[in-house]
Amino acid sequence: MIKFLVYVALVLAAVAVAQIVRVFELASVLKGGKPNDITENDNKMNGRFMMLFMILFYGFCFWQVYEYGDKILPESASDIGLETDWLLWFNMLIISVVFLVTNGLLFYFAYKYYGRDNNRATFYPHNNKLEMIWTVVPAIVLLAIIFLGLKLWNEIVMTPPKSDALVIELYAKQFDWTARYGGKDNTLGTVNYKLITGTNVVGLDSADQKGWDDLIVRNEFHIPKGRQVSFQIRSRDVIHSAYMPHFRQQMNAVPGMVTEMHFVPILTTKEMREKTHNNKFDFILLCNKICGASHYNMQMTIIVDEPADYETWVAKQQAFFAKPVIGMAN
Amino acid sequence: MSMDTHSHSAHHTADHHDDHHHHEESFISKYVFSMDHKMISRQFLVTAVFMAVVAMVMSTLFRLQLAWPDEKFAFVNWMLGDTWGKDGILDPNMYLALVTIHGTIMVFFVLTGGLSGTFANLLIPYQVGARDMASGFLNMLSYWFFLLSSIIMICSLFVEGGPASAGWTIYPPLSALPQAIPGSGMGMTLWLVSMSLFVVSSLLGGLNYIVTIVNLRTKGMSMMRLPLTMWALLITAILGVLSFPVLFSAVLLLLFDRSMGTSFYLSDIHIGGQALEQTGGSPILFQHLFWFLGHPEVYIVLLPALGMASEIISVNSRKPIFGYRAMVVSMLAIGFLSFIVWGHHMFMTGMNPFLGAVFVFTTLLIAIPSAVKAFNYITTLWKGNIRFTPAMLFSIGLVSTFISGGVTGIILADSTLDINIHDTYFVVGHFHIVMGLSAILGMFAGVYHWFPKLFLRMMNKKLGYLHFWLTFICAYGVFFPMHFLGLAGVPRRYYSNTAFPMFDNLVDINVLISIFAIAGAFAQIIFLFNFFYSALRGPKATENPWGSNTLEWTNGVGHIHGNWHGALPEVKRWAYDYSKPGKAEDFVPQTVALEDGELDEGAGVHH
């Protein structure tokens, strides 16, 4: 009943507003005006609003940079992050200038040339020289951006990982990650998705001897500082994406394919905790491709150790096939 | 039908009495199964307005969730019921469904079907000087397929398991496997059926638009005398005709994978405790097919808005559009390049990185014609005598968002930088500003500007001003802060960010965004009121209220079957002779003959 009354009230309110608008329009017509003709006053008012908007908008932008500037782009903890961050800020500087100048001109002209009753616009249909300038200048700037970007792309993504890189498989499924280490031979054993069971979560094939020393870890995994890590990324069900914001690295996990990404961690978890003054800080791996209901909580903790600490941690891990199966039930 | 129209108009003289003599037109053939481009245009517009309201309400629901994740909202429960909004808390699956359908409706139903459908239908016959579309029948079918597809999409909201929820890009395997997400059951089937019908609608419309512009231009309307709206709609239609069939094939293969056990997109999948038999397929194939449509689609959405803004900015600056030919060439370049840049959506898919490098190059090239367009708009304002109609305000807003969203595209197109911000809120901010806002502001501009031709009445000016300023402020308030979230690493399509302590200090931004979003949604009520009120009760429009040069303002104040009484108008000059020196008025309609020695600006030759 209350809902019904709310609807009735809304309809009546709309009718009332319509009548009020109607009255204003009729009153204006009676006075000899045309209510919807644009007057010089309208132009002046909106021209001023354009300037006011520009000031508020720029103010809003700068306020956000001031307020959130230190919360974006967490300290980079990888070799590639140092380079890409530099490139990001370089490009950001260029686009900020373009953004401020062109928007500024737009709003300023809108204000400066608001329509006056006894004024006439300047007939100015084209100017080839001017148009050439603003074709060529952006083209040159873009070529520089393309060159710098592709140079780094070549170093980071197109250059394959070093032969001595630590190999770790990241296997994604709804809604968690499993990490697998190659063991003493640093080589991952063959897997087959048809062998997946409640305990053999990656489908490791016992027929392949290279897999006998493979380590499988859940919840968190460790990597050593200063050594290149090559991640072999796979998915069991749908597409996921392995995203590590602190290391500025990301790659999709695609069922039926193995994808790869690599970087060298340059800060340990401990060092990062000191730098951020946050003793609860942890590096994370999170899923960055829509994958289902719990997509928003598909994460794994990454611990970066000093090389010696890493070796100690690895020594404590047991190879998957060496573990008693009962112990794996969780 | 076209023949009928000719003889019909020829029989009667040009008095108003004439309009009452359409005795062969029943209510059904006039308002329902109409083949008249003006009626079809209004049908598209009203349908799109309805769909836009649905998609907007969805966005307020998920914005409530993102800003206040643990809060209980009676509104959420009221909208979604106990299944999806128990105790007023949004269900995570429904969250994904809402973002999926919001995107689908906005991109396809509002900004493709709604925008092109409304304005291509209204403006093409009017601005090229034709009696109607080349085929009124196909045009009618185009609308009815659109309506059917809209109805099916709306129905999909009510099926068990909820509507499609794999994101508007419906990447398989998520969209192929009901085991992966409930929305991939019946909801996804209906999504695929609806989009197939949508493709049919788009092709019927697009072919008609192309044929009409190419073949039915009136005497004297050379290509270089076409208003920029016509160029924009022509290029848009070509893009649609070339790219939508590819979406259709992608959808078809997905249907096979879903129901016939094929493995185009599926391989090595173990889900729900079971290993699937399909092997050898590639989910990446789908992405290639999808984005081969998906990227031109961005320009299918954007170009009509840019074309209309060119027209509106020129008319209301009382100046010719600056660099008409550069504008045409830029649009052609953008249209061509849009077909060879799709891979920039796929830098992180494991696609060969060399291929990625090629796409970086082609993508960044698009910035050049885009920059030319932006500078030309700004120069058109320079030394103008700007009349701020609501349409003009929205057009200037469009230029601003086109710039602001365009520049962040330079960051995303750079594959190296995309690594860290791919699929974060930076992307959400970028494409909402450059594509969503620009296109929707352009659509509003079009509605305000051509309302006299759509509904023969004027919209209320003051409500228009209020609507613009609230919308514009809220729009930037919603989407600008998203760049900061993205740079901090917040992924898109997250139901909440509370699972990650590293995002805790960003809660304020989400609250700020949601407040702007909700305020912006309320501001649209002003528009809806103004729209319906003015369509029914607004003051009657005069023949040429804005002092425009183009042909649609030369055919009186009514809707005439056949568009012009008597002979079709003949075009003598380009569309942009505003404030031309030596002319008494500050506009010279296209039908006025060139004087001896006067420069024919579009073609660049002296008479």
Side-chain angles (χ1 to χ4, degrees), chain A residues 18 25 36 38 42-43 46 64 68 71-73 84 88 91 95 98-99 102-103 105-106 109-110 113-115 119-123 125-126 131 134-135 138-139 142 146 149-150 152-153 157-158 193-194 196 236-239 245 248 250-252 254-257 259 288 290 292-293 296-297, chain B residues 92-93 167 171 173-174 180-181 267-271 275 283 318-320 323 326 348-350 353 357 364 367-368 371 375 378 381-389 396 400 403 407 410-411 414-417 419-420 423 458 461 484 487-489 491 493-495 499 505 533 579-581 601:
Chain A
E25 279 177 349
N36 290 308
I38 313 296
D42 292 331
N43 292 336
N46 281 296
Q64 286 177 90
Y68 301 116
K71 295 179 180 126
I72 59 175
L73 273 195
T84 54
L88 178 72
N91 282 10
I95 68 166
V98 175
F99 164 76
T102 44
N103 263 311
L105 285 175
L106 177 75
F109 286 169
Y113 299 108
Y114 75 80
N119 186 26
R120 196 166 163 140
T122 306
F123 186 78
H126 66 102
E131 287 168 79
W134 59 57
T135 311
L142 284 166
I146 293 172
L150 290 185
L152 263 186
W153 179 248
V157 180
M158 289 181 71
Y193 78 105
K194 293 203 166 164
I196 291 172
R236 184 206 268 206
D237 39 38
V238 300
I239 301 178
R248 312 287 192 267
Q250 171 164 219
M251 182 53 73
N252 286 4
V254 185
M257 268 172 74
T259 54
N288 197 16
I290 181 172
Y296 69 97
N297 191 13
Chain B
N93 277 316
Y171 284 180
L174 187 61
I181 192 166
S267 187
D268 296 16
I269 292 168
H270 188 287
I271 192 164
R318 311 310 291 160
K319 275 186 70 191
M348 298 299 112
T349 55
L364 284 169
I368 300 171
F375 287 126
I378 293 171
L381 296 180
W382 180 71
K383 291 200 172 176
N385 196 35
I386 301 168
R387 179 181 54 200
F388 285 107
T389 63
I396 291 174
S400 173
I403 295 167
V407 291
I410 290 173
I411 305 271
D414 203 328
S415 54
T416 314
L417 302 178
I419 298 172
N420 190 50
D423 268 334
M458 305 295 284
K461 170 183 80 177
F484 292 87
L487 287 171
R493 292 166 176 159
Y494 266 24
Y495 168 70
N505 58 9
Y533 170 80
S579 304
K580 201 168 193 181
E601 297 285 347

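A note on names: the letters A, B, ... follow the listed sequences, proteins ahead of strands, and every chain is numbered from 1.
Separation of atoms OG1 (B:T416) and CG (A:L150) is listed at 6.5 Å; rounding is to 0.5 Å. A distance of 6.0 Å separates CG in A:L142 from CG in B:L364, rounded to the nearest 0.5 Å. Here B:L417 contributes atom CG and A:L152 contributes atom CG; the two are 8.0 Å apart, rounded to the nearest 0.5 Å. Interatomic distance, CG of B:N505 versus OH of A:Y68, reported as 9.5 Å (0.5 Å rounding). Rounding to the nearest 0.5 Å places NZ of A:K194 at 8.5 Å from CG of B:D268. The line from CZ of B:R387 to CD1 of A:I38 is 7.0 Å long, rounded to the nearest 0.5 Å.
Of the two parts of B:F375, the backbone and the side chain both hold a non-hydrogen atom closer than 4.5 Å to a non-hydrogen atom of chain A. With a threshold of 4.5 angstrom between heavy atoms, B:L174 approaches chain A through its backbone and through its side chain. Only the side chain of A:M257 comes within contact range of chain B, with at least one heavy atom under 4.5 Å from a heavy atom of that chain. At a 4.5 Å heavy-atom cutoff, the contact between B:Y533 and chain A is made by side-chain atoms alone.
Highest contact tally toward chain B, considering only A:A139, A:G115, A:G256, is held by A:G115 [criterion: heavy-atom pairs under 4.5 Å]. Of the listed residues (B:A275, B:P353, B:A499, B:S267), the one with the most heavy-atom contacts under 4.5 Å to chain A is B:P353. Your options are B:A180, B:P491, B:S579, and the one with the most heavy-atom pairs under 4.5 Å with chain A is B:S579. Heavy-atom pairs under 4.5 Å with chain B were tallied for A:V157, A:N46, A:D237, A:D42; the largest tally goes to A:N46. Comparing A:I196, A:V254, A:N91, A:V98 by heavy-atom pairs within less than 4.5 Å of chain B, the highest count is held by A:I196. The residue among B:I271, B:I269, B:I181 with the most heavy atom pairs within less than 4.5 Å of chain A is B:I269. By number of non-hydrogen pairs under 4.5 angstrom with chain B, the leading residue of A:M251, A:Q64, A:H126, A:K71 is A:Q64. Interface summary for chain A: among B:P173, B:G350, B:P581, the most heavy-atom pairs under 4.5 angstrom belong to B:P173.
Nearest heavy atoms, A:A293 versus B:P92: O-CB, 3.6 Å. Closest approach of A:T102 to B:I378, counting heavy atoms only: O-CD1, 3.6 Å. A pairwise comparison of heavy atoms in B:A357 and A:W153 identifies N-NE1, 3.8 Å as the closest pair. Across all non-hydrogen atoms, the minimal contact from B:K580 to A:R120 is O-NH2, 3.0 Å.
Panel note: side chain B:W382, backbone A:L105; no donor-acceptor pair is recorded below 3.5 Å. Panel note: side chain A:Q250, backbone B:N420; no donor-acceptor pair is recorded below 3.5 Å.
When each of A:T122, A:N119, A:N43 is paired with B:N385, the side chain to side chain donor-acceptor pair (under 3.5 Å) condition holds for A:N119 and for no other. With A:F109 as the fixed residue, the side-chain contact (heavy atoms from CB on, under 4.5 Å) test singles out one of B:L381, B:I386, B:I396: B:L381.
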Full working for side chain to side chain donor-acceptor pair (under 3.5 Å) between A:N103 and B:S400: CA-CA 6 Å; A:N103 263 311; B:S400 173; 2.8 Å; yes

Worked verdict on A:N288 versus B:D423 for side chain to side chain donor-acceptor pair (under 3.5 Å): CA-CA 6 Å; A:N288 197 16; B:D423 268 334; 5.0 Å; no

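Within the 4.5 Å cutoff, the side chain of A:F123 has heavy atoms near those of the B:E601 side chain.
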